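Input: a single structure, listed below in structure tokens.
What you see is a predicted model, and the numbers here were worked out from it, not measured in a lab. Per chain, numbering begins at 1; letters A, B, ... match sequence-line order.
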Protein chains: 2
Amino acid sequence: MQTLSTEDYLKAIYHASQSASGTVATTSIANKIGAKPSSVTDMFKKLSDQKLVKYEKYQGVSLTSEGVKTALRIVRKHRLWESFLVSHLNFNWDEVHQVAEQLEHIQSEKLTNELERFLDYPTHDPHGDPIPNRALFMKSYNKILLTELPLNKEGVCVGVKDNSSDFLRYLDRRQIGIGTPILVLHREDFDQSLHIQAGNSTLMITQKTAENIYIKP
Amino acid sequence: MQTLSTEDYLKAIYHASQSASGTVATTSIANKIGAKPSSVTDMFKKLSDQKLVKYEKYQGVSLTSEGVKTALRIVRKHRLWESFLVSHLNFNWDEVHQVAEQLEHIQSEKLTNELERFLDYPTHDPHGDPIPNRALFMKSYNKILLTELPLNKEGVCVGVKDNSSDFLRYLDRRQIGIGTPILVLHREDFDQSLHIQAGNSTLMITQKTAENIYIKP
DNA sequence: TATCAAATTTAGATTAGCCTAAAAAATATT
DNA sequence: AATATTTTTTAGGCTAATCTAAATTTGATA
């Protein structure tokens, strides 16, 4: 059984190793967790003793298969709870993260599995991220960034990269959400900004915005 | 903001002061929490510094009004979650306590209030205990112990005193639950055991059982 | 009331998770 | 390649919540 804190570390390491390849650096985890690098080193040792990560001094860490499983169990709970908050408790997609960070630590297999059943076995959370099933398996459709969508090719928004409240609320105001059909009408060479059709409306978005929207072509 | 542990203490003190009158003794809390009396003394001092309890050396503690509020906020969450687990997640009333002990510490007013709305403002949890509303007010109907119900007077089971899994499952087997109509047919003077009609069936229960069942006459 | 037992508190230690400051290793730069 | 910079680790402390053992207070009993 893990403590609250070890669970946070495992999740952070899991997410970090998704975006980068190879081992995960001390500093990158320190930034995610909001702790000093020296504290992270301490925890790396502890996790290594528990065989949840492979750790070699000055070489960063990588999750063992047991570590991955533990991390996925937390990700599963996090995303199920986020789904519940949005679908039944009137939370908006920009409000769920902080609460789910707490709920993800609740220990009860029955609770998790019943919640999943109650939600009718959702495959994706409100941000479009895939939810591991009971066997911890998740399949994500192959998606691209909106920056990579060719001109005049129909696509659908299936997720976001940046989960910050600011970005999500910005998308709300632009009426872009999961499921919104998107068409790139024009790409400005000067600054890579895009004119797009999103649902029924035509609008302009910056490159920065486009790099944070996932599209299924 | 309280730590997990201070919340547990406040809740324990609250429950202890419900059953007994006057101040709450160090040892009684030690037993509930599962800690040594010396640890409890430490915590009493801490809670006293935070003005959540009134504490005088060797004299036990009592909750301040702020302490009562904090305790009731936890009780509210605990009972709402228990209700949710039973009504939507297929938990039996003997399985909810341990999970609710974790869920009661989740901090989010919005979550609590939306959960309450989702459950349609329940007034009592699965064990018949009253749920404090948003203003922390709860009204419990005036109930008596089954031992006090006069012969041949109709009553309804509205709660249980002992919340242990063992007792609750015993009641399940006897088909006694919240809402079951109860009639005392005979009281045995020798050992105070009762012959009762519970729902459609007639059965015998011991005095010990009867003192753990609440009845609304 | 004097004594004894039980309850409570104090003193001092332990553990997990964090910190700062200094040392060591890895990496980048000239 | 030598030096400078950045990253990481080590060493030593701190705090919250716990513990054990010893001391103190309360209150029950002879």
Side-chain angles (χ1 to χ4, degrees), chain A residues 1-14 16-17 19-63 67 70-71 74 101-102 104-105 107, chain B residues 1-14 16-17 19-63 67 70-71 74 101-102 104-105 107:
Chain A
M1 184 125 310
Q2 269 63 237
T3 67
L4 226 138
S5 189
T6 58
E7 293 195 345
D8 286 337
Y9 275 87
L10 288 172
K11 200 180 60 152
I13 296 168
Y14 173 79
S17 52
S19 24
S21 56
T23 64
V24 173
T26 307
T27 327
S28 75
I29 297 303
N31 292 333
K32 289 207 192 216
I33 297 277
K36 299 292 158 179
S38 54
S39 309
V40 175
T41 300
D42 282 356
M43 188 56 90
F44 279 2
K45 288 179 188 166
K46 213 166 296 175
L47 293 172
S48 179
D49 291 345
Q50 296 180 245
K51 307 255 188 268
L52 293 166
V53 303
K54 192 165 152 296
Y55 169 58
E56 285 190 279
K57 264 191 199 175
Y58 296 101
Q59 301 309 130
V61 289
S62 57
L63 292 173
T70 309
I74 301 162
E101 289 278 301
Q102 299 177 65
E104 73 190 2
H105 297 293
Q107 314 265 204
Chain B
M1 182 125 312
Q2 269 62 240
T3 67
L4 226 139
S5 190
T6 58
E7 294 196 344
D8 286 337
Y9 276 87
L10 288 172
K11 200 180 59 152
I13 296 168
Y14 174 79
S17 53
S19 24
S21 56
T23 65
V24 174
T26 307
T27 327
S28 75
I29 297 303
N31 292 334
K32 289 208 190 213
I33 296 277
K36 301 291 159 181
S38 53
S39 311
V40 175
T41 300
D42 282 356
M43 187 57 89
F44 280 2
K45 288 179 188 165
K46 212 166 299 175
L47 292 172
S48 179
D49 291 345
Q50 297 179 244
K51 308 253 188 267
L52 293 166
V53 302
K54 191 164 153 298
Y55 169 58
E56 286 191 276
K57 266 193 198 175
Y58 296 101
Q59 301 308 132
V61 288
S62 57
L63 292 173
T70 307
I74 301 161
E101 289 278 300
Q102 300 177 65
E104 72 191 4
H105 297 293
Q107 312 267 203

dT10(C) OP1/OP2 closer than 4.0 Å to side-chain N/O of Lys57(B)
yes
What is the distance, to the nearest angstrom, from the CG atom on Leu47(A) to the P atom on dG17(C)?
9 Å
Provide, to the nearest angstrom, the distance between the OH atom belonging to Tyr9(B) and the P atom belonging to dA17(D).
9 Å
Can a side chain N or O of Thr26(B) be found less than 4.0 Å away from OP1 or OP2 on dT9(C)?
yes
Please determine whether a side-chain nitrogen or oxygen atom of Ser5(B) lies at a distance below 4.0 Å from atom OP1 or OP2 of dT18(D).
yes
Can you see if the side chain of Lys46(A) gets near the phosphate of dG17(C) - specifically, an N or O under 4.0 Å from OP1 or OP2?
yes
Tell me the interatomic distance from Gln59(A), atom CD, to dA25(C), atom P, rounded to whole angstroms.
12 Å
Under 4.0 angstrom between Tyr58(B) side-chain N/O and dA6(C) OP1 or OP2:
no
Quick one: is dT10(C) close enough that its OP1 or OP2 comes under 4.0 Å of any side-chain N or O from Lys45(B)?
yes
Would you say dA21(D) has OP1 or OP2 under 4.0 Å from some side-chain N or O of Ser38(B)?
no
Rounded to whole Å, how long is the line connecting atom CG of Asp8(A) with atom P of dG17(C)?
11 Å
Atom CG of Asp42(A) and atom C1' of dC19(C): how far apart are they, to the nearest Å?
10 Å
dT9(C), OP1 or OP2 - any side-chain N/O from Tyr55(B) closer than 4.0 Å?
yes
To the nearest Å, how far apart are Met43(A) CE and dT15(C) C1'?
13 Å
Short side-chain N/O contact from Ser39(B) to OP1 or OP2 of dC19(D), under 4.0 Å
yes
Whole-Å gap separating P (dT15(C)) and CG (Leu4(A)):
21 Å
